[in-house]
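Notes to accompany the following structure.
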2 protein chains.
Amino acid sequence: MSTKFTQIGGSKRSLHVQVACEMARSIILGELPEGEIIPGEMDLCTQFGVSRTALREAIKLLTSKGLLESKPKVGTRVRPQQYWNYLDSQLLDWLIDMEKTAYLYEEFLALRKAIEPEACASAARFASVEQRMQLSELFQKMDSIAKGFDQDVWVDVDLEFHRLIFISTGNSFFLPFANVLSTMFKSYFHHASKRGTTCIEEHRAIYEAIMAGNSEKARQASQALLTASDHELEAIK
Amino acid sequence: MSTKFTQIGGSKRSLHVQVACEMARSIILGELPEGEIIPGEMDLCTQFGVSRTALREAIKLLTSKGLLESKPKVGTRVRPQQYWNYLDSQLLDWLIDMEKTAYLYEEFLALRKAIEPEACASAARFASVEQRMQLSELFQKMDSIAKGFDQDVWVDVDLEFHRLIFISTGNSFFLPFANVLSTMFKSYFHHASKRGTTCIEEHRAIYEAIMAGNSEKARQASQALLTASDHELEAIK
DNA sequence: GTTATGATATAAATCATACAAATTATATCG
DNA sequence: CGATATAATTTGTATGATTTATATCATAAC
């Protein structure tokens, strides 16, 4: 286990987050296998070159995300992968910066196909008056941007559109998806840089269905958009 | 802000988790409104009667779940609700122990309706040979338990059945649902104590469809089960 | 008057150290 | 040989000192 980790320092993020990120990396890459007891706190402190306070806060962070589990005397062990909370935006942020994680985009699209049509249907039924106003405002912005296409601006507005839909469901459990979606989008457009389709007509269909309170139509429109996204993903591979 | 929190101590769980739980409670109940700066570390230490170490680890826990956010000089503030990670089993565990959270069961059922049919469909396509064997074993157990019905045993096996389906999708993003489902199930059967329906035939339909690799049938069977669950929930209200 | 620039106060961040508690392993005694 | 006590190890908790980041305000430049 000697000198597995490199010294930390220099970056802008807080120390314990950097340490947590490094450890998460090791765990995800399988350098620290599931069930394995990781080195003791003191060992890790010297390896990372940080104090025990910082290290422990890093461990608490990873414990909260389901990656670690520690007991007095026995040590801190890596929990089985099935307990990792992939729907945590911070964890996801660390994941997608790694190699061989392209498959995550496909898996995420599969999740979206399950969840977003239902979210759109719910939004059509439960969105408040205020939320419908916000959605209307947002879509008008999208519509105008779609013509003179500017990718950076588009991503932000597109994201806000989908986020607002999740919020408008009024279902607490749909909220985390908005955040995860945000993380995935940003990373996706960052890596697969130049791409140009806005699918504005598909978005319009969703928008109009939600405004009309037609949940069945909203569901179908969302499915249509995601099928289009599917073709995009194929084109890139 | 004086004496908002009571002294901590006595329970079996680690200190920082108890503190985190108490703080989460206050936040969720709105005693600490969104955007509000919570008292400084020293204040909270004296209020809870714990050291700064314990308090800070508690804050890190809540930060990881999206409830808090802290910056030097400015303090630690409560993040807007839309960033809270409701799909974190620990957070959920704290939530459902509180009053006026019955609505969570309904919201969760709505989420299940979106996600589980797709999960079953995926499992039918992607489950490995080993996973199919495990599922077979599990269902036989369910079938035998369903006759001489013992609630405690049933819940465990039922849970394992659904968990295995999520795992069998091979999609990382479906894994967290298994854990959340587990938390919700346990709480549900704990509160609404005596109830007896196993829906064994609905489960059988799912099981057989997955084993047969018939994803469309698996999807429909799952929908049928969830509709039955819907009626159960109605009966309790 | 408006906009940069820099000092300062403050709260969190980090460090270092000490002690407590829990659990495993070992050794001792009946 | 078995049960119980003891010791050793690892995480858990506590505390004080020190460092770093940033909002605020004062000052200087434009």
Side-chain angles (χ1 to χ4, degrees), chain A residues 1-2 4-23 27 32 35-79 90, chain B residues 1-2 4-23 27 32 35-79 90:
Chain A
M1 182 55 67
S2 58
K4 266 219 160 177
F5 296 107
T6 55
Q7 298 267 315
I8 290 276
S11 174
K12 56 189 176 300
R13 290 178 299 181
S14 66
L15 249 188
H16 73 269
V17 174
Q18 292 177 58
V19 173
C21 178
E22 280 301 314
M23 292 179 68
I27 292 169
L32 300 172
E36 186 106 330
I37 300 280
I38 70 175
E41 290 182 345
M42 284 311 191
D43 281 343
L44 292 170
C45 284
T46 57
Q47 283 186 46
F48 284 115
V50 300
S51 75
R52 207 165 148 229
T53 308
L55 183 88
R56 279 175 72 45
E57 286 176 0
I59 290 177
K60 290 296 163 295
L61 209 79
L62 297 179
T63 302
S64 170
K65 298 185 189 315
L67 270 64
L68 293 177
E69 175 181 46
S70 35
K71 277 207 298 241
K73 168 66 187 177
V74 48
T76 300
R77 72 172 68 243
V78 180
R79 293 188 77 190
Q90 190 176 29
Chain B
M1 184 54 67
S2 57
K4 266 218 164 177
F5 295 107
T6 55
Q7 299 268 315
I8 291 276
S11 174
K12 55 187 179 299
R13 291 177 301 180
S14 67
L15 251 187
H16 75 268
V17 174
Q18 292 177 58
V19 173
C21 178
E22 279 301 314
M23 291 179 70
I27 292 169
L32 299 172
E36 186 105 331
I37 299 281
I38 71 176
E41 288 184 346
M42 286 310 192
D43 281 342
L44 291 171
C45 284
T46 57
Q47 283 185 44
F48 283 115
V50 301
S51 75
R52 255 180 40 254
T53 308
L55 183 87
R56 288 187 107 268
E57 287 177 357
I59 290 177
K60 290 295 165 294
L61 209 80
L62 297 180
T63 302
S64 169
K65 299 186 189 315
L67 270 62
L68 294 178
E69 174 181 46
S70 37
K71 278 206 297 238
K73 165 68 184 175
V74 48
T76 300
R77 72 171 69 243
V78 180
R79 293 188 79 191
Q90 190 176 29

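All values below come from the heavy atoms of this structure, side chains included, with hydrogens, waters and symmetry mates left out.
In this structure, the side chains of A/Ile38 and A/Ile27 stay at 4.5 Å or more apart for every pair of heavy atoms. Looking at B/Met23 and B/Leu67, their side chains never come closer than 4.5 Å, going by heavy atoms from C-beta outward. Residues B/Val50 and B/Gln18 have side chains not in contact (no heavy-atom distance under 4.5 Å, counting atoms from C-beta outward). A/Thr76 is not listed as a side-chain neighbour of A/Ile37, based on a closest heavy-atom distance of 4.5 Å or more.
Between the CD atom of A/Glu69 and the P atom of C/dT23 there is a distance of 13 Å, given to the nearest Å.
The backbone N or O of A/Lys60 sits nowhere less than 3.5 Å from a side-chain atom of A/Ser64 that would complete a donor-acceptor pair. A/Arg77 contributes a side-chain N or O that, together with a main-chain N or O of A/Gly35, makes up a donor-acceptor pair within less than 3.5 Å.
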Could you list all N or O pairs between the protein and nucleotides 4-14 of chain C that sit under 3.5 Å apart?
from   : atom 1 : to      : atom 2 : distance (Å)
C/dT10 : O4'    : B/Lys73 : NZ     : 3.4
C/dA11 : O4'    : B/Lys73 : O      : 3.4
C/dA12 : OP2    : B/Glu41 : N      : 3.4
C/dA13 : OP2    : B/Arg56 : NH2    : 2.6
C/dA13 : O5'    : B/Arg56 : NH2    : 3.1
C/dT14 : OP1    : A/Leu15 : N      : 2.4
C/dT14 : OP2    : A/His16 : ND1    : 3.3
C/dT14 : O4     : B/Arg52 : NH2    : 2.7

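Here CD of A/Glu41 is found 4.5 Å from CZ of A/Arg52. Values are rounded to the nearest 0.5 Å.
Between the axis at the start and the axis at the end of the helix from C/dG1-D/dC30 to C/dG30-D/dC1 there is an angle of 10°, using five pairs per end and rounding to 10 degrees.
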Q) So B/Arg56 and B/His16, side-chain contact (heavy atoms from CB on, under 4.5 Å) or not? Walk me through it. A) CA-CA 8 Å; B/Arg56 288 187 107 268; B/His16 75 268; over 6 Å; no

